[in-house]
Amino acid sequence: MEQKIDIKSMSLQQLTDQLIQMGEKKFRAAQIYSWIHQKLVTNFDEMTNISKNTRTMLKEQFELVCLKQVACKISSIDGTRKYLFGLSDGHVIESVLMRYHHGNSVCISSQVGCRMGCRFCASTLDGLSRNLRPSEMLDQIYRIQQDIGERISNVVVMGSGEPLDNYENLISFLRLLTDANGLGISQRNITVSTCGLVPEMYRFAEENLQITLALSLHASNNEVRKTLMPIANRYALTEVLKACDNYFEKTGRRITFEYSLVKGVNDGQKQADELAELIGNRNCHINLIPVNPIKERDFVQTDAKNVNNFKKLLEKKRINVTIRREMGRDIDGACGQLRKRYMDQLKEENRDGGICTDRCRKDASD
Ligand code: SF4
């Protein structure tokens with residue numbers, strides 16, 4: 001059987017060209033695009049101003065990707081919601097909604113799993129299964145916006161996966177998400193996080209986008225970074241920082257450095273001094289994150305007092321630094337942990353990838 005075309009991953013121009021080729025009028029493409037990317041419909045029959053014949057043709061030729069909500073956990077502390085979404089091939093991915101005064105922010109996954117192997121991360125424990133398509137990245141945001149009935153204003157690509165390892169799909173996703181004919185989310189309200197894939201960082205700087213780049217730094221020198229992140233064996237800190245400087249020069253967007261504090265590993269005075277030295281007078285921002293412990297690793301979270309001390313040490317050196325507020329502490333804090341637990345449970349029950357919706361809904365409310 002011929003594979004259907006993934007209509008949600010197509011730009012308006014691509015869709016227009018395709019439909020004209022199929023004998024449709026140009027304006028139909030704009031109507032259909034608006035149903036998909038503004039009204040966020042989940043099937044072709046909801047497109048009420050499209051004739052029945054055209055809808056039948058659409059169903060035959062195109063696939064309209066729509067994620068299935070498998071579970072949703074809601075924090076009783078701050079209203080953060082963690083979603084598990086099922087993909088059409090049986091995989092599940094995790095997305096998070098965080099509610100701030102300035103608006104609703106969604107953290108999305110860019111891959112199923114991850115192959116980067118960061119030692120503190122639950123998303124990488126089972127490796128990479130596959131890349132997500134632009135439609136599958138978009139639909140995490142669309143389904144959450146529909147679920148809460150409120151506009152999503154900010155997006156962070158910081159969930160499972162290394163976004164720059166799924167480069168082409170990431171760029172298509174970003175262009176669709178910021179398209180004025182779609183949700184039209186401001187580029188300045190989007191952050192892409194990378195563990196430091198240097199060639200792709202240079203490429204990203206040339207895309208003419210105003211997206212914030214966040215670098216997972218997590219160490220003040222190469223030796224410690226290598227113990228936490230295998231990617232540090234490929235690219236030295238000097239190379240990674242040079243790529244960050246280039247991004248800032250090309251886009252004017254200030255880099256965010258993410259620094260997860262691990263007790264006894266990277267949270268001492270020596271590391272704070274070294275970090276200040278490394279960063280120097282760059283126009284940037286450091287985000288301190290008390291590492292979220294995962295049971296498969298023996299990393300311990302730096303306690304609140306030491307996190308504050310570390311922050312003060314950096315401030316003394318005139319570094320722009322904040323401590324990331326822990327959102328949804330009561331609902332499987334670490335990135336990828338909810339998904340990991342769900343997958344382990346499936347394996348235990350000897351299920352081969354099928355998604356048991358009722359069971360998961362029950363688990364989610366436990
Ligand atoms: S921290 Fe990010 S890049 Fe590293 S393993 Fe986890 S998902 Fe992958």
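Counting starts at 1 for both ligands and their atoms, in listed order. In what follows, residues are counted from 1 in the order of the sequence shown.
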The salt bridge (Lys or Arg N to Asp or Glu O under 4.0 Å) partners of Asp245 (sequence neighbours excluded) come to Arg282
Worksheet item: Backbone or side chain, does Cys121 get an N/O/S atom under 2.8 Å to atom 6 (Fe) of ligand 1?
Response: yes
Among Ser160, Gly161, Gly117, the residue with a heavy atom nearest to atom 2 (Fe) of ligand 1 is Gly161
Of Arg115, Gln111, Met116, the residue with the heavy atom nearest atom 3 (S) of ligand 1 is Met116
For Thr124, the atoms of ligand 1 under 4.0 Å from one of its heavy atoms are 5 (S)
Where do Glu94 and Lys73 land on the salt bridge (Lys or Arg N to Asp or Glu O under 4.0 Å) test, with the steps shown first?
CA-CA 11 Å; Glu94 195 176 303; Lys73 281 191 161 192; over 6 Å; no
Logged contact type for Cys118 with ligand 1, heavy-atom cut-off 4.0 Å, is both
Show me the donor-acceptor pairs within less than 3.5 Å that the side chains of residues 268-278 make with the rest of the protein, sequence neighbours left out.
residue	atom	partner	partner atom	Å
Gln271	OE1	Gly268	N	3.2
Glu274	OE1	Ser220	OG	2.7
Glu274	OE1	Asn221	ND2	2.8

Query raised in the report: Between Arg133 and Ser9, do the side chains contain an N or O donor and an N or O acceptor separated by less than 3.5 Å?
Result: no
query: Do side-chain atoms of Arg99 reach the backbone of Asp78 as a donor and acceptor pair under 3.5 angstrom?
result: no
